[in-house]
Amino acid sequence: MSAVVVVHGGACAMPEDLAKASVDGVKAAARQGSSVLKGGGSALDAVEAAVRAMEDNPVFNAGHGAVLNADGEVELDSIIMDGRTLASGAVAAVKNIANPVSLARTVMEKTSHVILTGRGANLFAESIGMATVPTDELVTEYERKEAHDTVGAVAVDSDGNVACATSTGGIRNKMVGRVGDCPIIGSGAYADNLSGAVSCTGHGESILKVTLARLILSHVEQGKSLADSSQLSLQYMGERVHGAGGAIVVSPSGQWAATFSTERMSWAAVDQDVLWYGLDPKEKLNEKLGQ
């Protein structure tokens, strides 16, 4: 079985001056995840590595480059999920953590809980020795512009295990303590070896209302293709709650799709030594990876 990783850098009306950097960023993140898989790493390891790469990239609204809330603070959300066991870990409204996806994974592996929020998440980070960074280190010049959205990754490894991870700084000028879809299991992400793995992006409140990640997989379970399942679910969200967004999906057999109802979504995938990527609707470019 071929191992596959797919990443997204957010679905939105992305300004032209951020477009190239965003596409370059998702391509680099997909390569990072792929190298983990090629080295024998699990799907879980791959999605964490890919999302960390985007959290470290100031172009994206996650980790470094996150947007500010109404109080001028950064509050970060992230989730990771293992399709083999349905184990999941998430953090919400966490402050001053450069890589919340890794904190989410530690919640999954070192506690009996799924979600830790706010002060509790930070206290947990402190207890495991995770370094904090000053807020001004997480905020960049990109934040002053119309930054784009959530980042995420899905992967299947050579054992047929799937995993997903999603991370975000939320929406600009959000109320203090606001939590969107990202860290909520079944909304911002979901992974199950019986159907596939999904990471979502877009308007968080809309995604929450239709539990978008789980909705997509319910269509997959009914025998629809990944692309059709994503399209139908995004269409339903648009009609039902007037929200737009995007999703990346991978199946245990290595099929994948990147779909969105917004103007743009940066995405990239590595499948059998070919790097696929795109930004605009119906755009699907590729390049051969170096041997």
Side-chain angles (χ1 to χ4, degrees), residues 4-12 14 22 26 29-30 33 43 47 50-51 54 60-62 77-81 83 148-156 162-168 180-192 195-222 224-241 243-252 254-269 271 276-284:
V4 177
V5 62
V6 191
V7 306
H8 70 73
C12 62
M14 192 183 304
S22 181
V26 290
V47 295
V51 168
M54 291 183 284
F60 300 110
N61 172 21
D77 303 332
S78 189
I79 190 171
I80 193 165
M81 187 168 183
H148 54 291
D149 205 53
T150 306
V151 304
V154 293
V156 57
V162 298
C164 62
T166 311
S167 187
T168 190
D181 67 288
C182 169
I184 307 303
I185 194 168
S187 290
Y190 201 77
D192 186 344
S195 50
V198 185
S199 172
C200 298
T201 169
H203 183 240
E205 281 72 11
S206 297
I207 292 171
L208 279 165
K209 288 170 188 172
V210 301
T211 53
L212 184 61
R214 196 67 197 83
L215 181 61
I216 290 169
L217 289 179
S218 72
H219 284 299
V220 172
E221 287 158 5
Q222 289 163 29
K224 298 185 182 78
S225 72
L226 301 188
D228 285 351
S229 297
S230 302
Q231 215 104 47
L232 283 166
S233 301
L234 288 167
Q235 192 180 327
Y236 174 77
M237 184 170 80
E239 290 166 357
R240 192 74 178 83
V241 294
I248 50 173
V249 196
V250 71
S251 74
Q255 303 296 308
W256 59 272
T259 314
F260 54 99
S261 58
T262 50
E263 286 182 34
R264 288 176 148 179
M265 181 178 82
S266 60
W267 64 271
D271 182 2
W276 299 85
Y277 61 95
L279 176 66
D280 293 309
K282 296 189 168 50
E283 185 175 54
K284 196 174 183 182

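- The two residues S78 and P183 make their nearest non-hydrogen contact at O-CB, 3.7 Å.
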Margin query: Working note: V162 + D192, criterion side chain to side chain contact (heavy atoms under 4.5 Å, CB included); need CA distance, chi angles, decisive distance, verdict.
Written below: CA-CA 7 Å; V162 298; D192 186 344; 5.8 Å; no
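- Here CG of D77 is found 5.5 Å from SG of C182. Values are rounded to the nearest 0.5 Å.
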Check: Stepwise, does the side chain to side chain contact (heavy atoms under 4.5 Å, CB included) test hold for I79 with I185?
Finding: CA-CA 8 Å; I79 190 171; I185 194 168; 4.2 Å; yes
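- Tested against T166, the residues V51, T150, I80 include a single side-chain contact (heavy atoms from CB on, under 4.5 Å) partner, T150.
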Checklist line | side chain to side chain contact (heavy atoms under 4.5 Å, CB included) between S199 and V154, intermediate numbers included | finding: CA-CA 6 Å; S199 172; V154 293; 4.1 Å; yes
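- Looking at every heavy atom in both residues, D181 comes nearest to G204 through OD1-CA, 3.1 Å.
- Inter-residue side-chain proximity for I248 and M265 is flagged as met; some heavy-atom pair is nearer than 4.5 Å.
- The shortest heavy-atom contact between V4 and D271 is CG2-OD1, 3.6 Å.
- The CD atom of E283 sits 8.0 Å away from atom CZ of R264, with the distance rounded to the nearest 0.5 Å.
- Between S233 and L212, the shortest heavy-atom contact is CB-CD1, 3.7 Å.
- Considering every non-hydrogen atom in both S195 and V220, the closest pair reads O-CG1, 3.8 Å.
- The shortest distance between side-chain heavy atoms of D228 and H219 does not fall below 4.5 Å.
- Rounding to the nearest 0.5 Å gives a distance of 12.0 Å between CE of M54 and CG of N61.
- Looking at F260 and P281, their side chains come closer than 4.5 Å, going by heavy atoms from C-beta outward.
- Atom OG of S229 and atom CD of E221 lie 9.5 Å apart (nearest 0.5 Å).
- In plain terms, the two heavy atoms of G245 and A11 that are nearest each other are C-CB, 3.9 Å.
- A heavy-atom distance below 4.5 Å is found between the side chains of K284 and W267.
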Margin query: What verdict does the side chain to side chain contact (heavy atoms under 4.5 Å, CB included) test give for F60 and V26, after you've listed the backbone C-alpha separation in whole Å, the side-chain angles of each residue and the deciding distance to 0.1 Å?
Written below: CA-CA 10 Å; F60 300 110; V26 290; 4.0 Å; yes
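- Atom OH of Y190 sits about 13.5 Å away from atom CD1 of I216, to the nearest 0.5 Å.
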